[in-house]
Structure formats: C-alpha cells, structure tokens
Amino acid sequence: MRATFDLLRHERRARIFFAVLLQSALGTGAGYVALLLIAYDRYESPWAISLVLLAELLPAMLLGPVFGALADRWSRKGCMVVGDVLRSLAFVGVVAVDSFEATVLFAGLAGVGTALFNPAALAALPSVVDEPRRAPAMTSLYGVAGDFGFTGGFALSASLLLVLGGPAGLMVVSATTFAISALLLARLRFGAIPARHADGSHPTLAQEIKEGVRATVGMRDVRTVLVGSAGGLVCAGVFNVAELPFVTEDLGASDAGFSLLVMFFGIGFVAGSLAGSRGGRPSRLKRRYLAGLLLLGVGLVTTALAESYIVVALTFAVAGFGNGLLLVYERLLIQAAVPDRLVGRIFGAKDALTAWAFGVAFVAGGALVSGLGPREPILLAGAAALVVYVVTALALRGEWTAEGPVEGGPLVAAGPGSALLDGGANALGRDGAVGSQDGADVVGGGEGLRVGPLDDPR
C-alpha cells in the first residue's frame with residue numbers, strides 16, 4: 001500500500017490517469033448492464049445475451065495480435081484515445097438504431113475499441129510515471145481501478161436505471177464516460193511511439209504482426225506465462241457461469257446474498273492486485289504469479305466443497321485474491337522480460353488468449369452446469385486450475401531464477417535515467433529488480449511504457 005500512496009502523492013499524471021480510468025470503468029460496468037438489457041428487450045431469447053457478448057469478444061479473439069502491433073507502431077496514447085472514441089460511438093449507436101442486428105454490430109464495434117485500448121494501455125503504463133521505480137505500482141493500481149470501477153458500475157446502474165428511466169439513458173451515460181476519457185487522455189503526456197528497429201529498417205504492419213507472433217512463440221518463459229494464465233482464466237470463467245446458481249440453489253442464498261459474495265471476491269481481487277505494487281526481482285515475480293494460480297485453484301475447490309455461506313464468503317475472497325495476484329504479476333513479468341518495442345504485441349496476444357479463454361469457458365460452463373448442476377463444475381474448474389499450476393510451475397522451474405537473466409528482457413540499470421535495450425540482449429542480471437525497494441530501475445523510463453480489463457472474469 002505504501003508504494004501505491006507514494007505513486008499517487010508524487011505522480012501528478014498518474015493521479016489524472018487513474019481518475020480518468022475510474023470514471024470510464026464505471027461507465028463500462030453500467031454500459032454492460034444496459035447493453036444486455038437492450039439486447040434482451042430487442043430479441044427475447046437467451047441467445048441475445050450470448051450473441052452480444054460474443055460480438056464484443058470476437059475482435060480480440062481474432063485480431064489481438066493486429067491491435068498489439070498497432071500499439072507498437074503508433075502512438076500508444078493515440079490508440080487508447082481512438083479506442084475510447086470507438087466505444088463511445090458504439091454505445092450511442094446502440095441507442096440510436098433500434099434493431100437487434102444493429103445492437104450486435106455496435107457491440108462488435110465496442111469490442112474493436114476495447115481490443116485496441118487494452119494492449120496500448122498495458123504497454124503505455126510505465127510512461128505515465130516520472131520515476132521508473134513506481135512502474136509496478138502503476139501496473140497494480142491499473143488493475144485495481146479497472147475492477148473497482150467496473151464492479152461499481154454494476155451497483156451504479158441499478159440507481160441510474162430508476163433515475164434515467166431505462167437502459168437507453170444508462171447507455172448514453174456510459175458513452176459519455178468514454179468520450180470524457182478520450183478527451184482527457186488526449187491532453188495527457190504519455191505513451192509516445194516506441195523506439196523503432198535499431199538497424200533503421202521500416203517494416204510493414206504485416207511484418208510487425210509476424211514479428212510479434214514469432215516473439216510470442218519464441219520467448220519460452222513469456223509463452224508459458226501466457227498459456228498458464230489462459231488456462232487459469234478458463235477455470236475462472238467456468239466459475240463465473242456456475243457461481244450464481246451455486247449460491248442461490250445449493251446454498252439457498254438470496255440475490256442480495258449473491259451480491260455480497262461477489263463483493264468478497266472483489267475485495268480479494270483488489271488485495272491481490274495491490275500486492276504487486278512494489279514489484280520485485282524476477283524470481284519473486286514468478287513465485288507470486290504461481291502463488292496466484294495456486295490460490296485460484298484452492299479457492300475454487302474449497303468453494304465447491306463448502307456447505308456454509310460464511311465459509312463460501314472466505315473461499316470467494318481467496319479465489320479473488322489469487323485471481324488478482326495472477327493478473328498483476330503476469331503483467332509485471334511481461335513488462336520485465338519483453339523489449340519495449342514488442343510489448344504491445346505481447347499484450348495483444350495475451351488479450352487474444354484471454355478472449356478465447358472466456359469464450360471457451362462460457363460455452364463449456366453452460367454445458368457443464370446444465371448437465372451436472374453448479375457445484376460439480378466449480379470443483380472441476382478448481383481441480384483443473386491446480387493442474388495448470390503444477391504444469392506451469394514445472395515449465396518455469398528453470399526460468400527467472402535468482403542467478404539467471406531474463407530472456408530477451410530490457411536492460412536494468414541503477415538510475416532513473418537508464419536506457420532500455422532490446423534486440424534480444426539478456427540484460428536483466430542477478431541484481432536486477434522490477435521496481436524493487438533498493439531502487440533498481442526496470443521497465444524503462446520517460447515515454448517508454450507498458451501495462452491493463454479487464455482480465456478479471458468478473
């Protein structure tokens with residue numbers, strides 16, 4: 001927490017950035033509720049919700065590496081601003097055109113905006129701070145602000161629906177938050193175009209996309225983390241499908257009781273995200289990342305075995321804490337290991353894997369809950385998460401050790417003005433640290449950056 005307070009106290013741009021992020025995250029949560037209500041009203045079938053959610057996921061599923069390459073080729077701030085503008089226009093379009101087909105198309109446009117925004121934001125976060133040692137706190141607080149705002153948007157939507165007279169008004173409010181975000185981010189100094197190739201070459205976009213795919217596949221340590229996280233998020237997605245019927249049917253709790261459990265999950269998630277605010281050496285980041293996978297699995301298994309509402313509240317918090325740890329340390333590891341000019345593409349690949357993970361989870365979860373009931377799928381998801389933990393831990397056993405360098409990672413220097421090297425140099429030595437307390441600076445400084453929704457299954 002001290003690192004977070006230090007960030008907000010001394011970094012003016014970071015304070016503005018998070019204020020902007022928080023209000024747009026509130027709009028995201030409120031807009032999510034409004035979009036589902038509008039879709040179901042225009043096409044009264046459960047497929048209405050499935051089609052709208054799928055339309056939002058498809059851009060990242062199919063084009064994640066493309067959007068990541070754009071974040072490495074263009075101004076990252078510019079990509080974020082364009083992403084917010086697209087989401088604002090999409091939500092206005094949903095209200096303006098009264099048909100279900102248009103709703104699906106505009107949901108897809110909103111998905112394009114999100115798929116463009118996320119890798120650019122994740123890549124740009126370190127450039128929001130003046131002191132590189134505060135970059136881990138940026139990564140940590142980014143996840144906290146997004147999850148807190150998104151969850152708060154759910155709560156806000158209930159009262160706004162009454163005040164505004166329906167979901168259309170709520171959608172306009174959400175569109176307005178994205179417009180405000182685009183305007184304010186455009187005026188903030190951060191997210192410049194990353195350094196180009198050292199040899200002076202000017203590759204095409206297609207070549208840069210291919211380079212990003214090769215880099216993702218070629219970095220064994222980063223590839224393992226991305227696949228491990230995707231596996232964990234499949235399990236978390238199945239849990240999302242099963243948790244409501246589990247709480248209301250198996251535990252006999254009310255809708256209010258379910259909302260309270262969601263709050264416990266959210267509290268755990270925020271605590272897990274904040275745990276990454278001080279960063280650490282790569283070996284420590286790896287241990288914390290693996291601990292997140294382990295706690296997610298333990299939380300899901302103990303939830304499925306619990307019979308008491310109070311016990312489930314605790315297990316929800318454990319699962320949320322593991323989820324928060326998993327995501328924040330995944331981002332920190334990527335930031336430490338990947339050269340700045342490639343980091344947008346790695347986060348684009350991560351977004352694609354995340355979208356596919358949730359797509360698979362939503363389909364599989366529905367089938368499992370329909371066939372087995374809600375408790376058994378949660379148990380299976382928890383057991384699968386533990387298997388993912390074991391396999392990932394074994395695969396990373398020789399990576400990011402205290403004695404070894406980070407493969408292909410950026411240079412770690414002793415001062416805030418340190419340069420960022422790429423080109424595959426194994427520059428992060430045994431004394432390297434990501435935002436560690438002893439002051440070693442990682443992840444670059446100045447306008448170079450990285451980190452970002454909402455991967456949280458909530």
Taking all heavy atoms of [X] and all of [Y], pick out the closest pair and write down the distance.
| X | Y | value |
| --- | --- | --- |
| S174 | T28 | OG-N, 4.2 Å |
| A120 | C79 | CB-CB, 3.6 Å |
| A102 | V97 | CB-CG1, 3.4 Å |
| D351 | A115 | OD2-O, 4.4 Å |
| A110 | A90 | N-CB, 3.6 Å |
| M138 | V128 | CE-CB, 3.6 Å |

As an exercise, state the distance from [atom1] of [X] to [atom2] of [Y], rounded to the nearest 0.5 Å.
| X | Y | atom1 | atom2 | value |
| --- | --- | --- | --- | --- |
| I378 | L372 | CD1 | CG | 12.0 Å |
| L233 | L353 | CG | CG | 10.0 Å |
| I209 | L70 | CD1 | CG | 7.0 Å |
| S181 | M80 | OG | CE | 7.0 Å |
| T103 | L36 | OG1 | CG | 11.0 Å |
| L183 | D84 | CG | CG | 10.5 Å |

Show me the side-chain donor-acceptor pairs of residues 291-304 shorter than 3.5 Å, one per line, residues at least two apart or across chains.
{"unit_1": "T302", "atom_1": "OG1", "unit_2": "V298", "atom_2": "O", "d": "2.7"}
{"unit_1": "T302", "atom_1": "OG1", "unit_2": "G299", "atom_2": "O", "d": "3.2"}
{"unit_1": "T303", "atom_1": "OG1", "unit_2": "G299", "atom_2": "O", "d": "2.7"}
{"unit_1": "T303", "atom_1": "OG1", "unit_2": "T315", "atom_2": "OG1", "d": "2.7"}

Derivation and outcome, side-chain contact (heavy atoms from CB on, under 4.5 Å), residues I334 and K350: CA-CA 10 Å; I334 292 172; K350 168 186 141 48; 4.2 Å; yes

By side chain to side chain contact (heavy atoms under 4.5 Å, CB included) - contacts of [X] (at least two apart):
| X | answer |
| --- | --- |
| V144 | L141, V270, S273, L274 |
| L188 | R13, I16, F17, F190 |
| V387 | V391 |
| A352 | P65 |

Looking at [Y], is its backbone amide N or carbonyl O close enough to the side chain of [X] to form a donor-acceptor pair, meaning the two atoms are under 3.5 Å apart?
| X | Y | answer |
| --- | --- | --- |
| S283 | T401 | no |
| Y309 | V247 | no |
| R284 | G279 | yes |
| E11 | D130 | yes |
| T392 | Y389 | no |
| R288 | L326 | no |
| R134 | V129 | no |
| S88 | A175 | yes |
| W356 | M61 | yes |
| T139 | A135 | yes |

So [Y] and [X], do their side chains get closer than 4.5 Å, heavy atoms only?
| X | Y | answer |
| --- | --- | --- |
| V92 | V172 | no |
| L327 | E330 | yes |
| V94 | L35 | yes |
| F106 | L109 | yes |
| F265 | N240 | no |
| T114 | R87 | yes |
| T177 | L26 | no |
| Y329 | R287 | no |

Within residues 105-123 or reaching into it, pairs that qualify as salt bridge (charged side-chain N to carboxylate O under 4.0 Å, His left out) - sequence neighbours excluded: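 Residue pairs passing salt bridge (charged side-chain N to carboxylate O under 4.0 Å, His left out), neighbours aside: none found.
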
Of all pairs that satisfy salt bridge (charged side-chain N to carboxylate O under 4.0 Å, His left out), the ones with a partner from residues 369-383, not counting sequence neighbours: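 Matches after skipping sequence neighbours: D250-R375, E307-R375.
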
Any residue meeting ring-ring contact (aromatic ring centres under 6.0 Å, His included) with F91, in chain and number order, not counting sequence neighbours: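 Result, ring-ring contact (aromatic ring centres under 6.0 Å, His included) vs F91: F178.
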
Listed partners of F100 passing ring-ring contact (aromatic ring centres under 6.0 Å, His included), at least two apart: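 ring-ring contact (aromatic ring centres under 6.0 Å, His included) check on F100 returns Y43.
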
Test item: side-chain donor near acceptor, E399 and T224, under 3.5 Å: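 No, no side-chain donor-acceptor contact under 3.5 Å.
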
Derivation of the side-chain contact (heavy atoms from CB on, under 4.5 Å) call for F258 and E243: CA-CA 9 Å; F258 172 70; E243 61 181 339; 3.8 Å; yes

Residue list, salt bridge (charged side-chain N to carboxylate O under 4.0 Å, His left out) with D98, at least two apart or on another chain: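 Counting only residues at least two positions away or on another chain, D98 forms a salt bridge (charged side-chain N to carboxylate O under 4.0 Å, His left out) with R42.
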
Criterion salt bridge (charged side-chain N to carboxylate O under 4.0 Å, His left out) on R76 and D72, from CA distance to verdict: CA-CA 7 Å; R76 288 162 178 173; D72 284 339; 2.7 Å; yes

Residues forming a side-chain hydrogen bond (donor to acceptor under 3.5 Å, both in side chains) with Y289, sequence neighbours excluded: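 Checked Y289 against side-chain hydrogen bond (donor to acceptor under 3.5 Å, both in side chains); matches are S229.
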
Counterpart residues, side-chain hydrogen bond (donor to acceptor under 3.5 Å, both in side chains), relative to Q23 (two or more places apart):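 Applying side-chain hydrogen bond (donor to acceptor under 3.5 Å, both in side chains) to Q23 gives none.
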
Heavy atoms of other groups near I310 CD1, more than 12 under 6.0 Å: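 Count not over threshold, so no.
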
Neighbour count >12 (heavy atoms, 6.0 Å) for atom CZ, R12: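 Open: at most 12 neighbouring heavy atoms sit under 6.0 Å from CZ of R12.
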
Stepwise side-chain contact (heavy atoms from CB on, under 4.5 Å) test for L89 and V85: CA-CA 6 Å; L89 292 174; V85 169; 4.0 Å; yes

Pair D6 + R9: basic N to acidic O under 4.0 Å: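 A salt bridge is absent here (no side-chain N lies under 4.0 Å from a carboxylate O).
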
Ring centres under 6.0 angstrom apart (F239, F316):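 Close enough - the centres of the two rings lie under 6.0 Å apart.
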
Test log, rule side-chain contact (heavy atoms from CB on, under 4.5 Å), inputs Y142 and F18: CA-CA 7 Å; Y142 182 86; F18 285 118; 4.1 Å; yes

